[in-house]
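First the structure, in the form of structure tokens, and then the observations on it.
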Amino acid sequence: MDSTGLFVYGLAVAVALLLVFIYDHCRSSELDTIPAIGPSGAVSSWLGAVRFIKDAPAMVQEGYQKHKGGMFRVPLIDRWVVVLTGPRLIEELRKVPEDELSFDHAMRDLLQVKYTFGVDAQEYPYHIQVTRNHLSRNLQALFPDVYDEINHAFSTITPLDQDGWTQVRIYPEIMKAMCRVSNRIFVGLPLCRSPEFEALQQQFALQVVLRATLVNCFPKFAHPIIGRLLTNTPSSIRRCMALLEPIVQERLQALDQFRDEWNTQPNDMISWLIDVSDNEHRNLRSICLRILVLNFAALHTSAQSLTHALLNLATYPQYCTPLREEASAVINKDGWTKTAMTKLVKMDSFLKESQRFNSTTLFPMMRKAMRQFVFSDGTVIPSGTHVVVASLPMHLDEEYFKSASEFQPFRFSQRREDDGEDPQILLASTSASYIPFGYGHHACPGRFFASSVMKAMMAYLVLNYDIKLEKEGERPPDEWFMMNCSPNRKAEVMFRRRRST
């Protein structure tokens, strides 16, 4: 094709894209009764969609301030999203059945599951059952392994013979540690320490987010083309199968030969997945896919949340002392156990406040209307519309959190002292006004594991290191892209090894 032909072809594609875009956004007339943030015309709303890519927090904050207690809509490239505000609507959303407002279908669209995980992982999500049941039930027995891996992962954060301060780029270090600790439970030693396995899991977790975000930047009709061009899931599964094959095949053979003695197998995620899967999914590929999915869930949010917390601690190093004193007293009494983690009241509060103050996403609750739905106030949600909840504006609202704009690390532990042992104050708890883990039936099933691991990691670091920023009090700015927030990936934290703990 000559240059003229290429130009004509490109022009035709551009016109087609514009026509589809206009058609899709003309359909927003069904949502006209819901106020829009930014221009709402069929073409002009595209300007709002571009602004949302760069300035989503400000747009959502604007909508929250104008329509608090109600709802508004914001434009994405390929759709309008309806944003709910306030606990009343959150409670109502929580109670709506899956066949009306679907969490699963919303996640399929958000993460472009067809091109990132493959639909099998969502249509047969037996890994969620394992996370809810087996992981939580076995964490107490496996906690010595968790501590051993934390110690191994962090022991070289500064040279053993160095007494001064060392600069550490914190996000990659936390990602690496979280990967190793999680996989100590998922696949065990020695694979959890394999550089190749670690690189695979980190790359897959990052690429899921990047590829899903890129696909969602195109109109829906282009998703199959862009998704297939960008996906690396088949190659990731093949790499994972090559690494896990000896372990999984040995377990499968043991199940066939010694079914009555299956409970003697290693107590880890691989065994649990084999235990609950049906015959169709009890195979190497299926197990490897679930290991990849579980790593994505463990690494993406937990590493970001812990990095946010460490950046906050380095910004306010005066809080190292009370956290260290608490950790020392509890661990001297109870050791490095899951029970001890439940007694780290100030540590729990610090992490919970950090999640309130520094979000990883604007929309931790998301649903898709499977048919027309009407809220109690009469607002009509057309079939196919995505409904989300604005979390960060609520978390920074004085109505729900006193002095909400201030980082108060012991906000929740003080409430425990004042009000008693209220389970709603704990890090892993959720409520209609605190939703980093979501809320209701679809709240993050791994949040209890994540909260225990984050507390153990923080406790290890404050007991073994002094922590600060190079420029005192100047926390590196977070990085936003659309509704997603990451701690600054280039941020460095200063560590100095403590000689007595």
Side-chain angles (χ1 to χ4, degrees), residues 24-25 27-37 52 56 60 63-64 67-114 116-117 119 121-125 128-129 132 212 216 220 223 297 301 359-395 430-445 447 482-484:
D24 280 349
H25 277 244
R27 294 171 61 198
S28 68
S29 58
E30 298 176 286
L31 294 169
D32 280 350
T33 57
I34 300 175
I37 300 302
F52 188 82
V60 173
Y64 184 87
H67 308 289
K68 181 180 173 181
M71 58 187 81
F72 59 94
R73 56 190 167 112
V74 293
L76 303 187
I77 291 294
D78 65 335
R79 67 177 75 101
W80 286 94
V81 173
V82 175
V83 184
L84 310 185
T85 67
R88 181 185 65 81
L89 285 173
I90 293 173
E91 282 287 359
E92 186 171 352
L93 181 68
R94 178 182 67 86
K95 298 174 183 177
V96 179
E98 177 72 10
D99 61 353
E100 295 184 62
L101 295 179
S102 172
F103 169 83
D104 286 341
H105 283 82
M107 289 299 101
R108 289 187 189 191
D109 291 347
L110 174 68
L111 295 176
Q112 290 296 321
V113 167
K114 186 175 182 180
T116 53
F117 299 142
V119 294
Q122 193 165 43
E123 291 181 351
Y124 303 98
I128 295 179
Q129 175 189 344
R132 282 202 178 104
N216 282 322
K220 281 180 284 188
H223 288 181
T301 52
S359 178
T360 60
T361 177
L362 284 172
F363 304 144
M365 293 180 67
M366 179 177 286
R367 304 289 188 270
K368 182 178 181 179
M370 304 310 294
R371 55 178 179 266
Q372 181 175 286
F373 178 80
V374 183
F375 277 96
S376 59
D377 63 0
T379 302
V380 176
I381 304 297
S383 177
T385 303
H386 286 76
V387 179
V388 302
V389 172
S391 61
L392 188 58
M394 180 173 64
H395 291 162
T430 64
S431 70
S433 58
Y434 184 87
I435 56 173
F437 288 117
Y439 182 48
H441 176 69
H442 293 294
C444 173
R447 65 189 185 277
M482 299 179 70
M483 72 284 289
N484 301 310

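Given the structure is predicted, the values throughout are model-derived calculations rather than measurements.
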**Asked** F72 pairs by side chain to side chain contact (heavy atoms under 4.5 Å, CB included) with which of L84, V81, V60?
**Response** V60

**Message:** Determine whether a donor-acceptor pair (N or O, by modelled atom type, separation under 3.5 Å) exists between the side chain of T116 and the backbone of L111.
**Reply:** yes

**Message:** Taking salt bridge (Lys or Arg N to Asp or Glu O under 4.0 Å) as the definition, give me every residue that meets it alongside R94, ordered by chain and number, with sequence neighbours left out.
**Reply:** E91

**Message:** Please check: side-chain N/O of R88 versus main-chain N/O of G69, any donor-acceptor pairing under 3.5 Å?
**Reply:** yes

**Complete:** Heavy atoms of E98 and H105 approach each other most closely as OE2-N, 4.5 Å

**Prompt:** Between the side chain of E92 and the main-chain N/O of F375, is any donor-acceptor distance below 3.5 Å?
**Reply:** no

**Message:** Do I90 and M394 have side chains that approach each other closer than 4.5 Å (heavy atoms only, starting at C-beta)?
**Reply:** yes

**Item:** Main-chain N/O of I435 paired to H395 side chain as donor or acceptor, under 3.5 Å
**Value:** yes

**Asked** Do V387 and M71 touch side chain to side chain, with heavy atoms closer than 4.5 Å?
**Response** no

**Prompt:** If only atom types and distance count, is the side chain of S383 paired as donor or acceptor with the main-chain N or O of Q372 below 3.5 Å?
**Reply:** no

**R73 side chain reached by T385 side chain, heavy atoms, under 4.5 Å** = no

**Prompt:** Which atom names give the shortest non-hydrogen contact between M365 and G438, and what distance separates them?
**Reply:** CG-CA, 4.0 Å

**Prompt:** Under 4.5 Å between any side-chain heavy atoms of H442 and R367, yes or no?
**Reply:** yes

**Asked** Taking T85 for the side chain and G70 for the main chain, is one N or O donor matched with an acceptor at less than 3.5 Å?
**Response** yes

**Prompt:** Is a donor on one side and an acceptor on the other found under 3.5 Å between the side chain of R371 and the backbone of D99?
**Reply:** yes

**Message:** Measuring only between side-chain heavy atoms, which start at C-beta, is S433 closer than 4.5 Å to P87?
**Reply:** yes

**Item:** Evaluation steps, side-chain hydrogen bond (donor to acceptor under 3.5 Å, both in side chains), between T379 and D377
**Value:** CA-CA 6 Å; T379 302; D377 63 0; 2.9 Å; yes

**Asked** Do L31 and P382 touch side chain to side chain, with heavy atoms closer than 4.5 Å?
**Response** yes

**Asked** Can you tell if the side chain of K114 reaches within under 4.5 Å of the side chain of R108, non-hydrogen atoms only?
**Response** no

**Message:** If you define the side chain from C-beta out and look only at heavy atoms, does anything of V83 sit under 4.5 Å from Y64?
**Reply:** no

